[in-house]
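All values derive from a computational prediction rather than experimental measurement. Residue numbers start from 1 in every chain, and the chains themselves are labelled A, B, ... in the order their sequence lines are given, proteins ahead of strands.
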Protein chains: 2
Amino acid sequence: MSLTHALLGLIAARPSSGYELTKLFQGSLAHAWSARHSQIYPALAKLRAQGLIVQREEGARRRKVYEITEAGLAEMRRWLIETEPERSNRNQAILRAFFLWLISAEEAEAYLRREAEYHRQQLARFREITASGSFVTPSTGLVLEWGTRYEEALADWAERAADAVAPKRRRRVSEGPSPPRRTHT
Amino acid sequence: MSLTHALLGLIAARPSSGYELTKLFQGSLAHAWSARHSQIYPALAKLRAQGLIVQREEGARRRKVYEITEAGLAEMRRWLIETEPERSNRNQAILRAFFLWLISAEEAEAYLRREAEYHRQQLARFREITASGSFVTPSTGLVLEWGTRYEEALADWAERAADAVAPKRRRRVSEGPSPPRRTHT
DNA sequence: CCGGGCATGTAACTCGTTACATGATTAT
DNA sequence: ATAATCATGTAACGAGTTACATGCCCGG
């Protein structure tokens, strides 16, 4: 299970509380995985019960700081070395692209320009994080490199797709045979 | 809800049965969204109850063919034009990259080379689909263009990352300050 | 003294997967 | 005949989100 191992790996990098881990999932980690506090706290309790983490201190505001155990580290390495990553992808923005032929060329273009704009902003964000050097784990550099490439590729794709569907000079959304050209109302 | 609109959009492109839709989710659509038949059949029943699709024929082997209604088309356009795409991403392979510092440079390199290989295969698959011209909807071309770019970018990233972590000439997984260099056992 | 951020938890619900179950038609 | 594939469903479970709930500590 990914959440379990994400928590384990973050705690391996630095002993943390549930609250801190929640913040990490909102930061540069959000690009690869996300989780809310309501999912994190029960997961931590379970990891603790399994002996993969231990609660060392209890700080101010009843803050609970967890550290990884030897068993936890072993489990983390087993996961990385012996198991294959799950290859399921869900991207709603790309899913929508399948259905852009249902709206007018102007509307499809507007959608794709907004997408391009969004990903250019994300790209800027990644460049800032990279410049700031705030690393979640020692191998965060690899991930930031990917994030940058990904946002660049998406922004570029969306921009070109927007150009391709733009109604200027009779271009069309469709690229398949016999375009249905259903523009609504 | 994405599944609902994915079904609606696919049926808009061509009247289909639950079985056919299930197959589509395993093909080129899988890259953007996936669903199993156990989720699809109840969803279709719900869409039908809402009047967004209708069951026209009932063919051999009690096959049920659904068509989109005007209300269904309107809902699809509303979704595309008026709602923002959900931006949550989950990529277990990238999540793992955060934790590669926990294993040896050799193991991390092996992981990244396997990743590169996997994505080169996916890239080949996308090129085949593009060449075969089997389009799920008339705007499938846009999506295939993205799929190709995505797999290319990932394969390239994984290969370069593998080079970067390779133990030759004292290179290391870590790119952060003071690399912990924990190689197990 | 009180508002905001720190900090942790539970409950109800939806979404998605795995497993169970069954019937119909075609090709060998 | 019988195996494979077509075809449709339900049940049980696990993962993930939203909403509810509460207490602690610091700064103004």
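For A/Y19, no side-chain nitrogen or oxygen approaches OP1 or OP2 of C/dT8 to under 4.0 Å. In this structure, B/K23 does not reach the D/dA7 phosphate: none of its side-chain N or O atoms is under 4.0 Å from OP1 or OP2.
Scored by the salt bridge (Lys or Arg N to Asp or Glu O under 4.0 Å) test, B/R114 finds A/E84 as partners (sequence neighbours excluded). Scanning for salt bridge (Lys or Arg N to Asp or Glu O under 4.0 Å) contacts around A/R61 gives an empty result, with sequence neighbours left out. Applying the salt bridge (Lys or Arg N to Asp or Glu O under 4.0 Å) rule to B/R125 yields no partners; only residues at least two apart in sequence or on another chain are considered.
For the salt bridge (charged side-chain N to carboxylate O under 4.0 Å, His left out) test with B/R127, the passing option among B/E151, B/E145, B/E152 is B/E152; the others fail.
Applying a 4.0 Å cut-off to non-hydrogen atoms, none of the residues of residues 43-55 of chain B approaches DNA chain D.
Here C/dG9 presents its C1' atom at 11 Å from OH of A/Y66, a figure rounded to the nearest Å. Taking atom CZ of residue A/R63 and atom P of nucleotide C/dG5, one finds them 18 Å apart after rounding to whole Å. As rounded to whole Å, 11 Å separates atom P of D/dC6 from atom CD of B/E20. Atoms CZ (A/F25) and P (D/dA15) sit 14 Å apart, rounded to a whole Å. In this structure, B/I40 atom CD1 and C/dC15 atom C1' are separated by 14 Å, rounded to whole Å. Here D/dA15 presents its P atom at 15 Å from CG of B/L95, a figure rounded to the nearest Å. Distance, B/R90 CZ to C/dG16 P: 11 Å, rounded to whole Å. Nucleotide C/dC6 holds its C1' atom 15 Å from the NZ atom of A/K64, rounded to whole Å.
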When the side chains of residues 25-35 of chain A are checked against the rest of the protein, which donor-acceptor pairs come out under 3.5 Å, sequence neighbours left out?
none

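Closest-nucleotide positions on DNA chain D for A/S34 and B/P42 were compared, and the one nearer the 5' end corresponds to B/P42.
Side chains of A/R96 and B/T83: a donor on one and an acceptor on the other come within 3.5 Å. B/S17 and B/R62 are not linked by any side-chain donor-acceptor pair at a separation below 3.5 angstrom, with hydrogens and angles left out of the test.
Aromatic ring orientation, A/W146 versus B/W157: tilted (interplanar angle from 30° to 60°). Ring planes of B/H37 and B/Y41: perpendicular class, angle over 60° (limits at 30 and 60°).
Nearest to the side chain of B/Y41, among D/dG16, D/dA7, C/dT8, sits D/dA7.
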List the protein contact pattern of nucleotides 18-28 of chain D with one symbol per nucleotide (5' to 3'): B for base contact, S for sugar-phosphate-only contact, - for none; contact means a heavy-atom distance under 4.0 Å.
BB---BBB---

